[in-house]
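Heads up, the thing below is written out as structure tokens.
Counting starts at 1 for both ligands and their atoms, following the listed order. Side chains are part of it too, since the values below use all heavy atoms of this structure and drop only hydrogens, waters and symmetry mates.
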Amino acid sequence: MTNQLDKTIKLKQLVLGTNAPQRIIAPIVADNFRDVLMQAQAIIDSPAEIVEWRIDYLGIMTDFNQLVTTGQSLQALIGNIPLIVTNRTSAEGGKLDFVEENYLGAYEQLIEAQITDAIDVEFSQSDHVIEQLKHLTNNSATKLILSHHDFKGTPLKDDLVFLYSRMAKQNPDIVKVAVTPNSRDDVLHLMNATVAADKQIDMPIISMSMGDLGKITRVAGNLFGSVATFASVVESSAPGQISADHLRTAMELIDLN
Ligand SMILES: O=C1C[C@@](O)(C(=O)O)C[C@@H](O)[C@@H]1O
């Protein structure tokens, strides 16, 4: 069994782990390159500690030059704040109509230009896509977050634990699971499964139950083994996201920070 104390990961100098404070991640959801830095500045001025750049909001990526130039300006602006780049497909609640060449190309360019500290790749992608991105991240300083999103429901606890273990077999740096609760029980399934999976798998977990019912999982992730939580600054990127200011206050109130 994994020693939980060793399960930390660093993005830049920031430690993520169940023994560190729950980290707050805020998304840039700009639909044009112009607004990316403006949104980043708002995140810098907020309690968020990590920036997620949702490049799927930009639409199909054909202008890799502008992507890289904007990414370089973004890194320069955020300095020590870690950056995660996410290209979320419509199949998992994002804006991107998947075209393999564009999906891989965007990540490849950003990794090669050393712009991002981590990329988020969906576990549902083909083995071939995951293998290629693993190869790229393994040969760079960029970390791999393997993610799964369910915008309809929540599997039962054992099925979720099994999902976590299958994801962990791909050996990513972080495993992330976001599900949709349709009942109070569903919220507990996510929490219980995360507690169990955290004892079994080798890497840190980020997990959340979305929507209003699941808000508690965004506030108290550290209690059940989730090392980070997503909060909105400019605009939310998923149902149930709390503003970073409110989240920070809530975390302080229950002394989880
Ligand atoms: O995977 C996630 C989690 C998320 O879907 C949420 O529920 O907060 C928000 C997304 O931006 C991020 O990529």
Side-chain angles (χ1 to χ4, degrees), residues 11 16 22-31 36 39-40 42-43 46-58 74 82-96 98 103 106-107 110 116-125 133 142-154 160 163-164 167 172-182 186-187 190-191 194 203-222 224 226-244 246-248 250-251:
L11 292 179
L16 283 80
Q22 167 173 263
R23 302 302 181 188
I24 302 179
I25 309 172
I28 293 175
V29 290
D31 62 7
V36 170
Q39 295 199 9
I43 295 172
S46 81
E49 299 159 282
I50 300 174
V51 172
E52 179 192 45
W53 186 14
R54 286 283 303 263
I55 59 172
D56 53 299
Y57 277 76
L58 294 164
L74 176 60
L83 176 67
I84 299 170
V85 172
T86 299
N87 206 357
R88 178 79 62 243
T89 65
S90 48
E92 299 225 5
K95 308 278 182 211
L96 184 78
F98 182 77
Y103 183 83
Y107 279 145
L110 291 169
T116 186
D117 300 297
I119 58 167
D120 177 311
V121 178
E122 294 153 1
F123 181 51
S124 60
Q125 291 295 339
L133 292 170
T142 309
K143 305 280 196 311
L144 177 69
I145 300 173
L146 199 59
S147 66
H148 171 82
H149 306 79
D150 186 335
F151 280 84
K152 293 210 173 82
T154 303
L160 272 171
L163 171 69
Y164 277 118
M167 292 173 81
D173 296 289
I174 297 177
V175 166
K176 180 169 72 178
V177 170
V179 292
T180 299
N182 294 311
D186 282 349
V187 179
L190 184 274
M191 292 193 196
T194 305
M203 57 289 295
I205 294 173
I206 299 175
S207 76
M208 70 227 78
S209 187
M210 296 185 282
D212 283 342
L213 265 176
K215 276 182 179 164
I216 186 65
T217 65
R218 296 185 184 274
V219 177
N222 258 14
F224 58 90
S226 173
V227 300
T229 183
F230 286 77
S232 61
V233 170
V234 180
E235 211 181 286
S236 137
S237 63
Q241 258 178 22
I242 303 166
S243 82
H246 285 160
L247 185 69
R248 170 63 76 213
M251 283 166 60

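- Within the listing of ligand 1, atoms 10 (C), 11 (O), 12 (C), 13 (O) sit less than 4.0 angstrom from a heavy atom of Glu52.
- The aromatic rings of Tyr107 and Tyr103 sit perpendicular, their planes meeting at an angle over 60°, well past the 30° parallel limit.
- Note that CD of Glu49 is 12.5 Å distant from CD1 of Ile43, once rounded to the nearest 0.5 Å.
- Taking every non-hydrogen atom of Lys176 and a distance limit under 4.0 Å, the qualifying atoms of ligand 1 come out as 1 (O), 2 (C), 12 (C), 13 (O).
- The option from Gly240, Ala238, Ala178 that lies nearest to atom 4 (C) of ligand 1, judged by heavy atoms, is Ala238.
- Counting protein heavy atoms only, atom 8 (O) of ligand 1 is closest to Arg218 NH1, 2.7 Å.
- Judged purely by distance below 3.5 Å, without hydrogens or angles, the side chains of Thr86 and Glu52 pair a donor atom with an acceptor atom.
- Listed by number with element, the atoms of ligand 1 under 4.0 angstrom from any heavy atom of Gln241 are 6 (C), 8 (O), 9 (C).
- With values rounded to the nearest 0.5 angstrom, Trp53 atom CH2 is found 6.0 Å from Leu74 atom CG.
- In the vicinity of Met210, heavy-atom distances shorter than 4.0 Å reach the ligand 1 atoms 7 (O).
- For Ser236, the side chain to side chain contact (heavy atoms under 4.5 Å, CB included) test picks out Ser232, Gln241, with sequence neighbours left out.
- Considering backbone and side-chain N/O atoms, Arg88 comes within less than 3.5 Å of an N/O atom of ligand 1.
- Considering both main-chain and side-chain atoms, His149 comes within under 3.5 Å of ligand 1 through a nitrogen or oxygen pair.
- Within the listing of ligand 1, atoms 9 (C), 10 (C), 11 (O) sit less than 4.0 angstrom from a heavy atom of Ser237.
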For this session: Would you check, one step at a time, whether the test side chain to side chain contact (heavy atoms under 4.5 Å, CB included) holds for Met203 with Ile174?
Result: CA-CA 6 Å; Met203 57 289 295; Ile174 297 177; 5.8 Å; no
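- Partners of Ser207 by side chain to side chain donor-acceptor pair (under 3.5 Å), not counting sequence neighbours, listed by chain and number: Thr194.
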